[in-house]
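Here's the structure, in structure tokens; my notes come after.
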Amino acid sequence: MVGTRPMNEPHRPVLGQLPPRVRIAPSPTGDPHVGTAYIGLFNYVFARKYGGQFVLRIEDTDQERSTASSEAAILEALRWLGLRWDEGPDVGGPHHPYRQSERLAIYQAHVQRLLASGHAYRCFCGRERLEELRKVQLAEKQDVLGYDGRCRALDPAEAAARAAAGEACTVRLRVPKEEGRVTAFDDDLRGETITIENRLIDDQVLLKSDGFPTYHLANVVDDHLMEITHVIRGEEWITSTPKHVLLYQAFGWTPPRFYHLGLLRNADRSKLSKRKNPVSIFHYRDLGYMPETLLNFMGTLGYSMGGDVERFTIDEMITHFDWARVSPGGPVFDPDKLDAFSGADIRALDVEALLGRISATVLAPERLKGLLAHAQGRIARLDDFIPYVSFAFGGAVDYAPVISHVKAIKGRGRAQLIAILEEYAQEIERDREARSFEALALESFSRGFCQAKGWKPKELFALLRIAVTGRTAAPPLFDTMALCGKDRCRLRIRGMIAALQAEADW
RNA sequence: GGCCCCAUGGUCUAGCGGUUAGGACGUUGGCCUCUCACGCCAUAAGCCCGGGUUCGAUUCCCGGUGGGGUCACCA
């Protein structure tokens with residue numbers, strides 16, 4: 001057993017070792033996720049602790065789902081938190097570009113190497129056959145799922161010719177499947193060697209038919225080229241790490257050290273998901289948590305300063321950081337405790353500083369202006385402004401005063417209301433335009449949604465207005481939703497669903 | 001289901017062979033107080049189970065159980 005270490009031996013870099021280079025590699029496919037921030041925090045702290053570099057790399061190899069706006073949002077969210085990266089798509093660096101979609105030629109050249117050395121092969125199996133294969137494997141309850149290796153035996157020259165002739169194909173990793181072969185790597189957080197039998201490792205696709213690499217290939221190539229020394233990521237990657245190790249071996253490269261952190265969990269211990277918890281970093285920003293509070297809170301998840309200390313700054317975390325103080329288990333993200341931290345931090349501010357914070361966020365001039373534009377026509381006295389726009393502040397709202405109006409929506413039962421809200425919340429996330437949460441896009445999405453579901457706009461919009469504001473009267477619905485922001489709307493629509501579910505007598 | 005990871009009160013954790021098992025959030029009760037909040041004091045609640053190793057296991061090893069992850073031309 002290589003690489004095991006007694007648990008009482010703290011992990012310290014060997015003297016004379018180069019400073020670490022670490023990275024986070026978010027995929028720009030949605031709202032900036034707290035899981036990204038969590039992993040980012042540990043990478044950042046580790047890099048700073050040992051005077052290394054923290055790299056931000058955008059893994060936009062999924063052409064279907066990646067968007068520029070998501071990438072921008074991720075950068076914005078990480079900046080808000082104060083996790084500064086030394087190299088990245090915006091600041092550049094010696095290993096640019098840092099956006100994988102701009103490194104296609106690099107991956108293709110590396111795939112050629114693998115093809116030439118026989119570590120990879122072209123595969124002409126189409127999606128239909130793969131789906132069929134999968135169906136059969138599932139039906140037969142096979143334990144090992146995955147590609148059956150049909151194209152492994154193809155003559156490389158012939159395969160190359162077919163590809164050159166324009167036949168669609170992918171390139172797969174040729175996993176050495178000889179009886180008894182295993183692939184192992186050390187997880188330095190766990191202090192264990194993790195070993196997996198090669199027969200359980202799939203001949204992973206490395207290059208997709210659209211010419212883009214998969215995560216596995218791009219990740220290994222870039223980590224090597226960018227001289228990443230320590231890969232600190234979520235434990236969801238543990239089972240695919242052997243594929244990466246095989247790739248390092250195929251290229252003749254030395255793999256980095258691996259640290260797999262436990263995944264953030266919902267209250268029911270499943271992996272943190274937006275169905276059960278707010279997961280967007282912007283949710284926490286827009287509902288008025290201070291970045292240092294969030295950072296400190298996340299720092300207490302999985303990490304401990306030791307003893308009784310749990311309130312600490314990121315600088316304190318950096319100076320005290322030690323891998324031996326990181327727990328491998330997946331912590332529950334407890335919003336109540338975050339609130340307690342947040343309240344304490346607000347109280348610790350002097351009034352002047354608090355005013356500064358609020359002026360810069362909750363009451364930022366730009367935001368106020370947007371609100372005023374809609375309040376102006378609806379108030380009689382300047383002083384009415386605050387109560388009038390109160391719907392745009394705070395988290396959950398109380399539906400008790402307005403629930404009768406919901407019940408009065410003609411011809412719609414409780415179950416129907418719950419269902420439509422759930423569908424609405426779900427589909428709006430998938431709509432490329434609407435998820436920007438701009439009024440116009442919201443409106444066109446919502447009207448289309450009504451049509452598709454056979455609801456009159458009037459009924460749905462009334463329901464949404466009540467759900468989002470807790471009131472029956474407000475500025476035009478889509479302006480209101482835009483003013484409240486995506487995360488607040490999401491939170492309140494969920495709140496409305498919960499309120500409806502609680503109305504047992506209806 | 002196969003494989004992999006994990007395991008201290010409800011939650012986050014301290015503990016690194018011998019402790020009255022400590023702290024924080026939450027709970028409950030009280031104090032403070034015009035109310036609420038804050039603050040303060042107190043409270044109930046935990047080492048998953050079974051084998052080893054050891055004079056001695058919460059701690060080390062193995063097994064079980066439980067939880068999680070993963071089995072895509074998504075990351």
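Here is how names work: the chains are called A, B, and so on, in the same order as the sequence lines, proteins then strands, and each is numbered from 1. Just so you know, these numbers come straight off a predicted model, no measurement behind them. What's counted below: heavy atoms across the whole structure, side chains too, no hydrogens, waters or symmetry copies.
Picking from B/A75, B/A72, B/G69 the nucleotide with the shortest atom distance to the side chain of A/Tyr215 gives B/A75. Nearest to the side-chain atoms of A/Lys337 among the listed nucleotides B/U13, B/C12, B/G26 stands B/C12. For A/Arg127, the side-chain atoms get nearest to B/C73 when compared with the rest of B/C73, B/G69, B/C12. The side chain of A/Leu130 approaches B/C73 more closely than any other nucleotide in the set B/C73, B/C5, B/A14. The listed nucleotides are B/A72, B/A24, B/G2; the one nearest the side chain of A/Glu310 is B/A24. Nearest nucleotide to the side chain of A/Ile196, out of B/A7, B/C4, B/A72: B/C4. Among the nucleotides B/U13, B/C73, B/C4, the one closest to any side-chain atom of A/Thr214 is B/C73. Closest to the A/Leu301 side chain, of the nucleotides B/C12, B/A7, B/A75, is B/C12. Nearest nucleotide to the side chain of A/Pro328, out of B/C6, B/G23, B/G2: B/C6. Of the candidate nucleotides B/G69, B/C71, B/G23, B/C71 has the atom nearest to the side chain of A/Leu145.
If you check every strand for non-hydrogen atoms under 4.0 Å, A/Cys125 touches a base. Using a 4.0 Å heavy-atom distance criterion, A/Val332 is classed as a sugar-phosphate-only contact. Residue contacts shown for A/Thr170 include a base, since a base heavy atom lies under 4.0 Å away. Counting any heavy atom pair closer than 4.0 Å across all strands shown, A/Arg325 reaches sugar-phosphate atoms only and no base atom. At the heavy-atom level, A/Ser27 lies under 4.0 Å from the strands shown only through sugar-phosphate atoms. Residue contacts for A/Leu207: at a heavy-atom cut-off of 4.0 Å it reaches no nucleic acid atom on any strand shown. Residue A/Gly302 is classed as a sugar-phosphate contact, given heavy-atom separations below 4.0 Å to backbone atoms only. At a threshold of 4.0 angstrom between heavy atoms, the contacts of A/Gly329 are confined to the sugar-phosphate backbone, with no base atom among them.
Proximity of A/Lys243 to the phosphate of B/C4: no side-chain N or O atom is located under 4.0 Å from OP1 or OP2. For the OP1/OP2 pair of B/U70 and a distance below 4.0 Å, the side-chain nitrogens and oxygens of A/Lys271 include at least one atom meeting the criterion. Between A/Thr61 and the phosphate of B/A75, there is a side-chain N or O to OP1/OP2 separation shorter than 4.0 Å. OP1 or OP2 of B/U11 lies within a sub-4.0 Å distance of a side-chain N or O belonging to A/Arg269. Contact annotation: A/Arg172 reaches the phosphate of B/C73 (side-chain N/O to OP1 or OP2, under 4.0 Å). Taking side-chain N and O atoms only, A/Arg190 has no distance below 4.0 Å to OP1 or OP2 of B/C5. Close to B/C74, at under 4.0 Å from its OP1 or OP2, lies a side-chain N or O of A/Lys208.
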CA sep, side-chain torsions, deciding dist, call: A/Phe46, A/Phe42, ring-ring contact (aromatic ring centres under 6.0 Å, His included):
CA-CA 6 Å; A/Phe46 177 65; A/Phe42 283 83; over 10 Å; no

Test A/His260 against A/Arg190 for side chain to side chain donor-acceptor pair (under 3.5 Å), laying out the working first.
CA-CA 8 Å; A/His260 290 98; A/Arg190 288 142 222 278; 5.4 Å; no

Salt bridge (Lys or Arg N to Asp or Glu O under 4.0 Å), that's the test. Do A/Arg430 and A/Glu427 meet it? Break it down for me.
CA-CA 5 Å; A/Arg430 297 209 196 102; A/Glu427 290 184 25; 5.5 Å; no

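As rounded to the nearest Å, B/G50 and B/G26 have C1' atoms that lie 33 Å from one another. Nucleotides B/G69 and B/G10, compared at atom C1', are 23 Å apart to the nearest Å. A distance of about 15 Å separates the P atoms of B/U28 and B/A44, rounded to the whole Å. Between the C1' atoms of B/U33 and B/C40, the separation comes to 13 Å (whole Å). Taking the P atom of each, B/G18 and B/C61 are spaced 16 Å apart, rounded to whole Å. Using atom C1' as the reference point in both B/U27 and B/A45, the two lie 9 Å apart (nearest Å). For the P atoms, the distance linking B/C60 with B/G1 amounts to 29 Å, nearest Å. Comparing the P positions of B/G63 and B/C73 gives an interatomic distance of 33 Å, to the nearest angstrom.
Each of A/His216 and A/Gln137 lies near RNA chain B, and the nucleotide nearest A/Gln137 is the one positioned closer to the 5' end. Between A/Cys123 and A/Leu338, the residue whose closest nucleotide on RNA chain B is further toward the 5' end is A/Leu338.
Between A/His216 and A/His244, the ring-plane angle classifies as tilted under the 30° and 60° cut-offs.
The closest donor-acceptor contact from the side chain of A/Lys243 to the backbone of A/Ile201 lies at 3.5 Å or more, if one exists at all.
One interatomic measurement links the two molecules: CG of A/Asn277 to P of B/U11, which rounds to 15 Å at whole-angstrom precision. Note: CZ (A/Arg347) to C1' (B/G39) measures 9 Å, nearest angstrom. One interatomic measurement links the two molecules: CD of A/Gln204 to P of B/A72, which rounds to 8 Å at whole-angstrom precision. One atom, CZ of A/Arg311, and another, C1' of B/U13, lie 15 Å apart when rounded to the nearest Å. Separating the CG atom of A/Asp334 from the P atom of B/A24 is a distance of 15 Å, rounded to the nearest angstrom. Computed from coordinates, the A/Glu236 CD to B/G68 P distance equals 15 Å when rounded to whole Å. Rounded to whole Å, atom P of B/C74 lies 13 Å from atom CD of A/Glu59. A/Tyr107 places its OH atom 16 Å from the C1' atom of B/C73, with the value rounded to the nearest Å.
Ring-centre distance between A/Tyr98 and A/Trp85: not below the 6.0 Å cut-off. Aromatic ring centroids of A/Tyr284 and A/Phe333 lie under 6.0 Å apart. Aromatic ring centroids of A/Phe251 and A/His110 lie under 6.0 Å apart.
B/C31 is paired with B/G39 under the criterion used here, namely a Watson-Crick or G-U wobble arrangement in which both key atom distances are under 3.5 Å. In this structure B/C60 sits in a base pair with B/G52, meeting the Watson-Crick or G-U test at under 3.5 Å. Shown here, B/A24 forms a base pair with B/U11; the pair counts as Watson-Crick or G-U wobble because both key distances fall under 3.5 Å. B/U70: Watson-Crick or G-U partner is B/G2, with both key distances under 3.5 Å.
The pair A/Glu59-A/Arg57 meets the salt-bridge criterion, since a charged nitrogen lies less than 4.0 angstrom from a carboxylate oxygen.
Between A/His224 and A/Thr254, the side chains place no donor N or O within less than 3.5 Å of an acceptor N or O (distance only, hydrogens not considered).
No hydrogens or angles were tested; on distance alone, a donor-acceptor pair under 3.5 Å links the side chain of A/Ser209 to the base of B/C73.
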